[in-house]
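All chains are named by letter (A, B, ...) in the order of the sequence lines, taking the proteins before the strands, and each is independently numbered beginning at 1. Everything quoted here is computed from the prediction, not taken from an experiment.
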Protein chains: 2
Amino acid sequence: MSPLTQNAGRRLSAADHRRLDELFARFEELGPRCIGYPCNRDWDYSELYRFLSFNANNVGDPFQGSLYRQNTHDFEREVLAKFAEFTRADPGAYWGYVTSGGTEGNMYGLYLARELHPEGIVYFSEQSHYSVPKILRLQHTRNIMIRSQGNGEMDYDDLRETLKLHRDVPPIIFANIGTTMHGAIDDLDRIKAILAELAIPSHYIHADAALSGMILPFVGDPQPWCFADGVDSISISGHKLIGAPLPCGVVLAREAHVDRIARSVEYVGVNDTTIGGSRSAFSPLVLWYALRRLGDGGLKEIVDRSLTSAGYAVAALRDRGIDAWRGENSITVVFPRPPEALIERWEIAPDRDIGHIITLPHVTTDAIDAFADDFASALAPSP
Amino acid sequence: MSPLTQNAGRRLSAADHRRLDELFARFEELGPRCIGYPCNRDWDYSELYRFLSFNANNVGDPFQGSLYRQNTHDFEREVLAKFAEFTRADPGAYWGYVTSGGTEGNMYGLYLARELHPEGIVYFSEQSHYSVPKILRLQHTRNIMIRSQGNGEMDYDDLRETLKLHRDVPPIIFANIGTTMHGAIDDLDRIKAILAELAIPSHYIHADAALSGMILPFVGDPQPWCFADGVDSISISGHKLIGAPLPCGVVLAREAHVDRIARSVEYVGVNDTTIGGSRSAFSPLVLWYALRRLGDGGLKEIVDRSLTSAGYAVAALRDRGIDAWRGENSITVVFPRPPEALIERWEIAPDRDIGHIITLPHVTTDAIDAFADDFASALAPSP
């Protein structure tokens, strides 16, 4: 494929080959017990590996032509159209791109918001992902952290009281559509009611829907979460519910917003609309492949099964005396922080006094039972 | 590998398979004529494809432990150690990570600089990469664009005059170690002399060494460019001289700087040291593989051959009456902007009145001759 015309004679040493084999074995061994992170493992993209023999690059805006033609902008646009459908964007009135992951998507949304409202204050809850304060610091944007409730949702009273003190500047609401730890969904209807009650004329809502953005399109009674419910931009991860070998995601925004800031960006002399410059041409292919292979039916099956497993896990843990629970339409099963040995053994991501598992398809009922048994024994008084 | 336990029956349609085949054919056809972008194509990473069957993720700091153990932090640290050697960092006194590309590396460097010098002004030349104004806008950092000379280097007189007006705030110098269009290297000795002449007590220098950062370690008489020459952070691309199927890069910084801002980041409540959150575990493997397979000898061969080809290209174009030239230690061959048909046919990236080719190993003398002939015929008066 790529002719090693020059360094053809150079090969990896036997010792280095062994290191790769060891890494592969380590990865294989870890797989079955990884139940604590929101990464679906039920996929196979080997048909796409052949595209890794090219220096493909999606540099630039997927909706504009690029002089660098080894790109997958056409596949990227199809992926975006599908996500626009999931997020109930107006067809033809959205813009977006495939990102290197959730952080870039949230960074884009907060950047767009700040460009539209330079004096705006970002309100985000203490259960927002840990990258949010980092992004806000990087972007030098005014911001206030709002308290959370025990279930992981924003504390709406704290939001109201805080907004009251700053009615002179546009609020930028960073809404968690599924918090990292609790899978909790901030209530957009309540938030919008508070904004209306305070007669705040202008606001912006960004939705961090990393995991739940691929659940809610497939449930019967979703909470408000998407463009149809008033959000202005939304970030969804690709490597979480869909599953991918590399972190990736999608960010979408109302095109009118993007157009408004485009003019000022042009003033700076560039029309460099994405945050990354060179961008992976492989990630859009991975997402396209998954969406085309699974279809809406296959995605719904993943969601249905994951929700069923989550219910099973709550019951299995409670049966063993562990106080587990989950939110509505959530596949994140929350429980008291397990002992350290369990955290290590099952790759649980703990946060202060809680832990969770995320019941994606690779998390079988056998794995759930084994984890619940392990958890129960660890808590039992030693003889 | 990844058991398709649930959606095993779902396959891509024949029509979708055809689309992938068409894409593959399109990429194959474009390959040989792509001489205008700085992407080495002389590699083969197929031995690593098996690692794409895992949800590996290098989330977090490569030098700290991660609870998510399907990572390649150990390989990443080896890559960083090698780049620390190339950039003459003090062993044990640097920090860094593998990025998703040059933009993230430059963003990190400018973020670190701004955190160290919150009132600082960034000085960058008009030949800096087009992403730099975007990053500065995103980060809300004060900045001033400095004029460039005809050869692509910063206009040092303009820098001096501009610095004079702002001696009260620390300058953050964004130095191009190889500009995108001319391959020009900003003269760090002259810049440091100007800072000394103006008795400016404190400054920061970030080096954008996207392409040349992998050339200068292997030439006999490099211009000043690295940690030993006084830079504070440096960004180098992985998919350019080394070559990779996905954009990637490395950013390195003096550890003392990183430690100083770590405290304030902790105050924000996170120890999330990289800009991306979830990060590719595959990119560090790709870079590790290339570095181990090629060794310093193989990398030097790539650089030697590319420099020889650049000399050949300058001569080939001049022989045909085209005014081509290149800078010292540069593999970027600059010439007057070619007609549009040529830009399209050879994937040339033009900028206003110039164009260039980058003579990486896949750019053979045959391709150079063919391009030069094509260029000459296009300029010849039609009969």
Heavy-atom pair count under 4.5 Å with chain B, highest-scoring of [options]:
options                                : result
A/Leu294, A/Leu48, A/Asn57             : A/Leu294
A/Tyr45, A/Phe282, A/Phe75             : A/Phe75
A/Pro118, A/Cys248, A/Gly297, A/Gly249 : A/Gly297

Side chain, backbone, both or neither: which part of [X] has a heavy atom under 4.5 Å from chain A?
X        : answer
B/Glu78  : side chain
B/Asn71  : both
B/Val286 : neither
B/Gln139 : both
B/Ala244 : backbone
B/Arg19  : both
B/Leu285 : side chain

Distance in Å, B/Tyr289 OH paired with A/Leu20 CG, rounded so as to fall on 0.5 Å steps: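 With rounding to 0.5 Å, OH (B/Tyr289) is 8.0 Å from CG (A/Leu20).
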Compare every heavy atom of [Y] with every heavy atom of [X], then report the nearest pair and how far apart it is.
X        : Y        : answer
B/Ile275 : A/Met107 : CG2-CE, 3.8 Å
B/Phe27  : A/Gln70  : O-NE2, 2.8 Å
A/Arg69  : B/Arg345 : NH2-O, 4.2 Å
A/Ser53  : B/Phe24  : OG-CE1, 4.4 Å
B/Leu138 : A/Tyr111 : CD1-CG, 3.3 Å

For the residue pair [X] and [Y], establish whether any side-chain heavy-atom pair is separated by less than 4.5 Å.
X        : Y        : value
A/Asp74  : B/Arg26  : yes
B/Leu23  : A/Arg50  : no
B/Asn55  : A/Trp43  : yes
B/Arg293 : A/Asp16  : no
A/Glu115 : B/Arg137 : yes
B/Pro247 : A/Ser280 : yes
A/Leu12  : B/Trp288 : yes

When only pairs under 4.5 Å are counted, which of B/Arg114, B/Glu104, B/His17, B/Glu47 shares the most heavy-atom pairs with chain A?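 Going by pairs under 4.5 Å, I would pick B/Arg114.
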Under 4.5 Å heavy-atom distance to chain B, tell me which part of A/Ser278 shows up: side chain, backbone, both or neither.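 Both the backbone and the side chain of A/Ser278 come within 4.5 Å of chain B.
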Given a strict heavy-atom distance threshold of 4.5 Å, which part of A/Ile343 is in contact with chain B: side chain, backbone, both, or neither?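 When you check distances to chain B, only side chain atoms of A/Ile343 fall under 4.5 Å.
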